[in-house]
Every structure is written in structure tokens, then in C-alpha cells.
Amino acid sequence: MRYGAWMFDFLITLIAMLVFTFAITALSHRSVVGSNKDLIFVTGLTLLMFLLNFVVLAGTGGQSAGMRILGIYIMRVDGQPFSMKHAAIRHLIGYPLSTVLFFLGFLWIVWDPHQQAWHDKLAGTIVVISR
């Protein structure tokens, strides 16, 4: 379920990136690839989309767009509310750490008794199914 949610998030981000690219190409009448300014603008919009999905949306409701589609959400292990601060730690610091060593941090949920990946351990979170 977690991987499926991540794939939905990836797909949503990819579609947004394509829309941004097509829109900027249409408005500027030149290829985004041929213009560093346009390429940086598309990259900035894509990063903004990432932040909105993984920090703002997840931090306010405990779910990214992909998690919302599949009915799973993020909870704090200590029972305290999950906030944007925790979402930023989990996604902006924890995700890159989880990719180190061939994505071992993501695979860690297979062996962990609480199914926590490294980014979950760092932020003190677990992922649960909505009921």
C-alpha cells in the first residue's frame, strides 16, 4: 500500500511536471530544454508541487495525495498530532536518507516489527490504514 501511494504521488508529480513544461513551452514559444531560465522555472514549479504534496498536504491531514487515494495515513508514534514540521523532517530529510545504500531505508519496513522505514524512525511516525 505504501509503495502504491508513493507511485501515485510520483505519477501526480510527473503529470504536473509535464503540464508545467507544456505550458511554459506554449507561452514562451521555445523549448524548455533550450532555455536554462525556463528549465529552472519548471524545476521550481515541480519542487513547489512536491512541497505542497509532501509537506503541506501531509502535514495538515496526515496524507499525501497518493496516501489519500489508497486510504493510508501518517501518525506520530507518541500519539501527538502530525504537523508540517514532522512532515518536513520525514520527507525532506528522511526520504533522502532512506535512499542511501540502494533504497535500504525504504526496504527496512520488510524487517521492522512496526513496519517503519528509516524516514519513519527519524520523524517518529508510522503509516496506518484508514478505517
Side-chain angles (χ1 to χ4, degrees):
M1 298 271 297
R2 292 173 67 148
Y3 179 71
W6 183 86
M7 288 303 294
F8 273 118
D9 287 328
F10 177 74
L11 183 63
I12 291 165
T13 303
L14 184 62
I15 291 169
M17 188 176 11
L18 289 171
V19 169
F20 298 150
T21 302
F22 289 137
I24 291 171
T25 299
L27 292 172
S28 68
H29 301 291
R30 63 179 181 261
S31 170
V32 171
V33 177
S35 168
N36 285 340
K37 184 177 84 172
D38 291 343
L39 191 58
I40 290 169
F41 192 62
V42 168
T43 303
L45 288 173
T46 304
L47 288 174
L48 180 63
M49 176 78 177
F50 178 87
L51 288 173
L52 286 173
N53 187 32
F54 285 106
V55 177
V56 176
L57 190 61
T60 56
Q63 296 174 304
S64 66
M67 290 177 143
R68 193 164 294 198
I69 291 168
L70 292 181
I72 58 177
Y73 64 99
I74 306 163
M75 284 183 56
R76 295 270 318 267
V77 174
D78 61 8
Q80 296 296 316
F82 185 70
S83 68
M84 279 195 261
K85 173 187 165 191
H86 300 104
I89 291 169
R90 185 178 192 271
H91 294 111
L92 301 180
I93 299 170
Y95 269 22
L97 289 176
S98 289
T99 62
V100 175
L101 297 174
F102 307 105
F103 295 86
L104 182 61
F106 288 103
L107 294 172
W108 202 258
I109 64 172
V110 175
W111 303 285
D112 190 79
H114 302 289
Q115 295 182 331
Q116 287 179 293
W118 290 355
H119 51 274
D120 291 313
K121 292 189 178 295
L122 178 69
T125 60
I126 57 171
V127 176
V128 295
I129 297 173
S130 301
R131 298 269 174 195

*Look at the aromatic rings of W108 and W111 and report parallel, tilted or perpendicular, splitting at 30° and 60°.*
perpendicular
*asked:* Do I12 and M49 have side chains that approach each other closer than 4.5 Å (heavy atoms only, starting at C-beta)?
replied: yes
*Supply the atom-to-atom distance N36 CG to T43 OG1, rounded to the nearest 0.5 angstrom.*
10.0 Å
*Working to the nearest 0.5 Å, report the span between CG of L27 and CG of D38.*
9.5 Å
*asked:* To check you understand the geometry: which heavy-atom pair defines the closest contact between H119 and S98, and what is its length?
replied: ND1-OG, 2.9 Å
*Measuring from I69:CD1 to M7:CE, what's the distance to the nearest 0.5 Å?*
12.0 Å
Give every donor-acceptor pair under 3.5 Å between a side-chain atom in residues 51-58 and any protein atom, sequence neighbours left out.
from	atom 1	to	atom 2	distance (Å)
N53	OD1	A65	N	2.8
N53	ND2	D9	OD1	3.1

*Can you name the closest pair of heavy atoms from V100 and W118 and give their distance?*
O-CZ3, 4.2 Å
*If every non-hydrogen atom of Q115 is compared with every non-hydrogen atom of I109, which pair is closest and at what distance?*
O-CG2, 3.3 Å
*Can you measure from OG1 (T125) to CZ (R76) and round to the nearest 0.5 angstrom?*
8.5 Å
_I need the minimum non-hydrogen distance between H91 and P96, along with the two atoms involved._
O-CD, 3.7 Å
*Minimum heavy-atom distance between A117 and G105, given as atom pair plus value*: CB-O, 3.2 Å
*Specify the closest pair of heavy atoms between L70 and F8, including all atoms of both residues, with the distance to one decimal.*
CD2-CE1, 3.9 Å
*Can you pull the salt bridge (Lys or Arg N to Asp or Glu O under 4.0 Å) pairs that have at least one residue in residues 101-120, sequence neighbours excluded?*
R2-D120, R90-D120, D112-K121
*Answer with yes or no after comparing the ring centroid distance for Y95 and F106 against a 6.0 Å cut-off, counting only values under it.*
yes
*Could you grab the distance from atom CD of Q63 to atom OH of Y73, nearest 0.5 Å is fine?*
8.5 Å
*asked:* Does anything in residues 10-27 form a side-chain hydrogen bond (donor to acceptor under 3.5 Å, both in side chains)? List the pairs, not counting sequence neighbours.
replied: none
*With a 4.5 Å heavy-atom cut-off, do T99 and L104 have their side chains touching?*
no
_Value rounded to 0.5 Å, distance of CD1 in I89 from OG in S83_ = 7.5 Å
